[in-house]
Amino acid sequence: GSGIIYDNLVLGVPSSSVILRKTSTFNLDLHDHDGSGDLTPGDSLLYSVVATNNEAIDALDIVIDDTPDSNTTLTVGTTTTTAGTIVSGNNAGDASVSIDVGTLASGESVTSTFEVTINSPLPPGVETFLNNALLTGSNLEPVVSNTTINTLGEGAPSQPIPTLSFWNLLVFAGLLAGAAFWKLRL
């Protein structure tokens, strides 16, 4: 889409040029309310939604809507956005998130975040929570985000701590000593 105006006709932004990416985070320090180390009822998840306009023209009247999985509850007051206005998500009784972004300029992105709590108790057999977001605008087709999938019992992703073997440490120490010697020599 070129976005050229011909007698009040605005060419739209191809929906494939606006990307809506969603992620979920389970951080043990922030979201593991029972200290189990795994996602369990009563714990929370942080969702992040990033909308990016990769087109050469602005995307107009952008709204991002997100209704959490029915087995989770929106944590009212946790909704944030880097642009636009939070219409729903921070008021008592809100069950979904709605962000009125307005214009998403060419090459720009907006990030929205919110938390949900896993319902407790859960209906029998419920172990997985699915969620996606929807972006709409006046000059593009609706864009659906990827679907996040979280499962009971999954722990926070582990981050390996980089280590060196004895021999690698010895080589590293030798290189440092050589660099120090070279520096002192100059």
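Numbering of residues begins at 1 and proceeds along the displayed sequence.
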Quick check: is Ile86 connected to Val76 through a chain of hydrophobic side chains (ILVMFWY, heavy atoms under 4.5 Å apart)? no
Please say yes or no: joined through hydrophobic side-chain contacts below 4.5 Å, possibly via intermediate residues, are Leu152 and Tyr47 part of one cluster? yes
Calculate, to the nearest 0.5 Å, the distance between atoms CG and CG belonging to Asp38 and Asp32 respectively. 7.5 Å
Quick one: does any side-chain atom of Thr85 pair with a main-chain N or O of Val87 as donor and acceptor, under 3.5 Å? no
Any donor-acceptor N/O pair, Thr78 side chain to Glu115 backbone, under 3.5 Å: yes
Identify whether Val116 and Leu122 are in the same connected component of the hydrophobic contact network (ILVMFWY, side-chain heavy atoms under 4.5 Å). yes
Any side-chain donor near an acceptor of the partner, Ser17 and Glu55, under 3.5 Å: yes
Side-chain contact, heavy-atom cut-off 4.5 Å: Asn150 with Leu39? yes
Any sub-3.5 Å donor-acceptor pair from Asp100's side-chain atoms to Gly102's backbone N or O? yes
Closest approach of Val110 and Ile64, non-hydrogen atoms and distance? CG1-CD1, 4.1 Å
Please give me the minimum heavy-atom distance between Pro68 and Asp66, naming the atom from each residue. CD-O, 3.6 Å
Is any side-chain heavy atom of Arg21 less than 4.5 Å from a side-chain heavy atom of Val49? no
Derivation and outcome, side-chain contact (heavy atoms from CB on, under 4.5 Å), residues Thr111 and Ser48: CA-CA 7 Å; Thr111 301; Ser48 179; 3.7 Å; yes
Least distance between heavy atoms, Ser88 atom then Thr79 atom: O-CG2, 4.5 Å
Under the criterion side-chain contact (heavy atoms from CB on, under 4.5 Å), I'd like the reasoning laid out for Val101 against Asp61: C-alpha separation, chi angles, the key distance, then a yes or no. CA-CA 7 Å; Val101 176; Asp61 304 313; over 6 Å; no
Would you say Thr117 and Ser44 are linked by a side-chain donor-acceptor pair, where the criterion is simply a distance under 3.5 Å? no
Can you tell me if Asn132 uses its side chain to pair, donor with acceptor, with the backbone of Thr147 under 3.5 Å? no
Closest non-hydrogen atoms of Ser96 and Leu74, given as atom of the first, atom of the second and distance, are O-CD2, 3.7 Å
Would Asp65 and Thr136 count as having a side-chain donor-acceptor pair, cut-off 3.5 Å? no
I need the Asp58 CG to Leu140 CG distance, nearest 0.5 Å. 12.0 Å
If you take all heavy atoms of Ile118 and Leu45, which pair is closest and at what distance? CD1-CD1, 4.0 Å
Main-chain N/O of Phe129 paired to Asp69 side chain as donor or acceptor, under 3.5 Å: no
For the residue pair Asp43 and His31, establish whether any side-chain heavy-atom pair is separated by less than 4.5 Å. no
Work out which heavy atom in Gly137 is nearest to a heavy atom in Ile62; give both atom names and the distance. CA-CD1, 3.9 Å
Applying the side-chain contact (heavy atoms from CB on, under 4.5 Å) criterion to Ser145, which one of Leu134, Leu20, Ile19 satisfies it? Leu20
Should Phe26 and Leu130 be counted in the same cluster of Ile, Leu, Val, Met, Phe, Trp and Tyr side chains packed under 4.5 Å apart? no
Is it the case that the side chain of Thr81 and the backbone of Ala83 share a donor-acceptor pair, with hydrogens and angles ignored and the cut-off at 3.5 Å? yes
For the side chain to side chain donor-acceptor pair (under 3.5 Å) test, which of Asn54, Thr52, Asn53 pairs with Ser109? Thr52
Does a side chain donor of either Thr40 or Asp34 reach within less than 3.5 Å of an acceptor in the other side chain? yes
Mind checking whether Val50 and Leu104 sit in one hydrophobic cluster, side chains of I, L, V, M, F, W, Y counted as touching below 4.5 Å? no
After noting the C-alpha distance and the side-chain angles of Ser98 and Val63, does the key distance pass the side-chain contact (heavy atoms from CB on, under 4.5 Å) rule? CA-CA 7 Å; Ser98 184; Val63 175; 3.8 Å; yes
Once you round to the nearest 0.5 Å, how far does CD1 of Ile99 lie from CZ of Phe114? 9.0 Å
Could you walk me through whether Ser106 and Ile57 pass the side-chain contact (heavy atoms from CB on, under 4.5 Å) test, one step at a time? CA-CA 5 Å; Ser106 172; Ile57 63 172; 5.8 Å; no
